[in-house]
There are 2 protein chains.
Amino acid sequence: MGQAQILSRNQQIVLDIIEKANGPLKAYSILFNVQKKGINAPQQIYRALDKLIEIGKIHKIESKNAFVACRNSNCEISKATAFSICESCEMVDEISDVKLSKYLSSFNDKKGTKYKRFNLEFFGLCKKCK
Amino acid sequence: MGQAQILSRNQQIVLDIIEKANGPLKAYSILFNVQKKGINAPQQIYRALDKLIEIGKIHKIESKNAFVACRNSNCEISKATAFSICESCEMVDEISDVKLSKYLSSFNDKKGTKYKRFNLEFFGLCKKCK
DNA sequence: TAACACAGTGTTATAATATAACATATGTTA
DNA sequence: TAACATATGTTATATTATAACACTGTGTTA
């Protein structure tokens with residue numbers, strides 16, 4: 001569960017933008033959006049993104065190189081993420097399905113290896129695009 | 001199941017390199033490896049990679065921007081992929097677990113949406129690195 | 001055969017994504 | 001206060017990926 005995290009100025013700016021967005025945002029589009037606030041360089045964005053990912057406030061959609069806010073209020077710090085991605089409109093939804101999460105978190109491969117973390121991306125058409 | 005696919009010269013060169021590798025390869029490292037064979041430009045690599053992915057001969061490891069040969073002789077053309085990734089040595093194994101694959105292929109989210117395709121990446125430490 | 005589509009190739013240029021490295025500042029804690 | 005960790009600002013550069021255009025070969029099919 002953890003403490004409420006106090007974010008630095010840049011971290012908060014970046015998080016606000018991602019939370020307000022209704023879809024995944026790319027790092028450089030975030031950058032263009034915050035230049036009026038005095039953030040000028042990609043490093044500043046990527047550093048904020050790294051931190052926000054680390055504390056579980058956002059997730060990276062690997063197949064899109066884009067970032068979304070975490071919608072699971074008590075997300076397990078990004079150890080178990082699953083997303084539904086529309087191949088047509090680019091919409092991304094975080095899936096919070098306890099059964100799925102438990103099933104995957106306890107998955108062992110044939111060699112008996114257990115994993116610390118997983119990321120699952122489903123692709124299809126969302127309701128609107130069907 | 002499909003026909004045996006006839007590959008073009010460049011496609012075959014790229015596939016050979018990926019199949020011989022004992023881990024995921026990056027596009028530019030493939031490029032450096034084939035310059036002696038007369039392939040000089042990233043486009044040539046990416047075009048081959050795109051085709052090889054399309055026909056299911058290789059997969060992209062999204063979290064690493066790298067490519068591995070498909071080890072499931074009859075992989076369902078990349079509709080259902082799962083990988084085990086070592087966070088220490090970068091090793092990647094394709095997981096072929098029928099139960100897992102069936103479970104995910106038939107997964108419905110709460111809205112009843114079914115998906116065409118999924119990609120799952122597990123992270124942990126491989127045997128050697130443990 | 002001529003016309004056409006189609007997949008692949010080669011090439012130059014450029015876009016998009018991400019990190020390195022270094023100097024400075026700010027906040028926390030011993 | 002000194003030492004330390006974390007964050008910031010900045011310039012430069014590395015890495016990953018695509019656009020655009022000209023060309024080649026192969027197989028239709030009209």
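Residue numbering restarts at 1 for every chain, and letters A, B, ... go by the order of the sequence lines.
For A:Gln11, taking side-chain heavy atoms from C-beta onward, the closest of the listed nucleotides C:dA13, D:dT10, D:dA7 is D:dA7. Checked against C:dT19, C:dG10, D:dG9, the side chain of B:Asn10 finds its nearest nucleotide in C:dG10. With D:dA17, D:dT10, D:dT8 as the candidates, the nucleotide lying closest to the side chain of A:Gln43 is D:dT10. Relative to the side chain of A:Tyr46, the nucleotides C:dT11, D:dA7, C:dT19 differ in distance, and C:dT19 lies closest. The listed nucleotides are D:dA7, D:dT10, C:dA18; the one nearest the side chain of A:Ala41 is D:dT10.
Base contact: A:Arg47 has a heavy atom under 4.0 Å from a base atom.
For the helix from C:dT1-D:dA30 to C:dA30-D:dT1, the end axes, each set by the C1' atoms of five terminal pairs, are bent relative to each other by 30° (nearest 10°).
Although no hydrogens or angles enter the test, the distance criterion places no donor-acceptor pair under 3.5 Å between the side chain of A:Ser84 and the main chain of A:Val92. Looking at B:Gln44, its side chain does come within 3.5 Å of a backbone N or O of B:Ala41 through a donor-acceptor pair. With A:Asn10 contributing its side chain and A:Ser8 its backbone, the two residues share no donor-acceptor pair below 3.5 Å.
Look at B:Asn65 and you won't find any side-chain N or O under 4.0 angstrom from OP1 or OP2 of C:dT17. The shortest distance between the side-chain N/O atoms of A:Ser8 and the OP1/OP2 oxygens of D:dT6 is not below 4.0 Å. The side chain of A:Lys64 places no N or O atom within less than 4.0 Å of a non-bridging phosphate oxygen (OP1 or OP2) of D:dA17. Within the 4.0 Å cut-off from OP1 or OP2 of D:dG9, at least one side-chain nitrogen or oxygen of A:Gln44 is found. Between B:Asn40 and C:dT11 there is a side-chain polar atom (N or O) within less than 4.0 angstrom of OP1 or OP2.
Distance, B:Leu7 CG to C:dA7 P: 15 Å, rounded to whole Å. Atoms CD (B:Glu62) and P (D:dT15) sit 20 Å apart, rounded to a whole Å. The distance from atom CD1 of A:Ile6 to atom C1' of D:dA5 is 16 Å, rounded to the nearest whole Å. Protein atom CD of B:Gln35 is 14 Å distant from nucleotide atom C1' of C:dT11, rounded to whole Å. One can place CZ of B:Arg9 at 12 Å from C1' of C:dG10, the figure rounded to the nearest angstrom. Atom P of nucleotide C:dG10 and atom NZ of B:Lys37 are separated by 13 Å, given to the nearest angstrom. Distance CD1 (B:Ile45) to P (C:dG8): 15 Å, rounded to an integer number of Å. C:dT19 atom P lies 7 Å from atom CG of A:Asp50, rounded to whole Å.
Once rounded to the nearest 0.5 Å, the distance linking CG of A:Leu52 with SG of A:Cys70 reads 11.5 Å.
The nearest pair of heavy atoms linking A:Ile18 to A:Phe67 is CG2-O, 4.0 Å. Shortest non-hydrogen contact noted between B:Met91 and B:Cys126 is CE-CB, 3.9 Å.
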Could you give me the CA-CA distance, side-chain angles and deciding distance for A:Tyr115 and B:Phe123, then say whether ring-ring contact (aromatic ring centres under 6.0 Å, His included) is met? CA-CA 6 Å; A:Tyr115 301 101; B:Phe123 303 88; 8.8 Å; no
Using side-chain contact (heavy atoms from CB on, under 4.5 Å), reason through A:Phe83 and A:Ile61 one step at a time and then give a plain yes or no. CA-CA 8 Å; A:Phe83 303 96; A:Ile61 307 301; 3.7 Å; yes
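Between the side chains of A:Glu62 and B:Ser63, no donor N or O sits under 3.5 Å from an acceptor N or O.
Of the residues in residues 12-31 of chain A, none has a non-hydrogen atom less than 4.0 angstrom from any atom of DNA chain D.
Salt bridge A:Lys116/B:Glu87: present, at least one basic N to carboxylate O contact under 4.0 Å.
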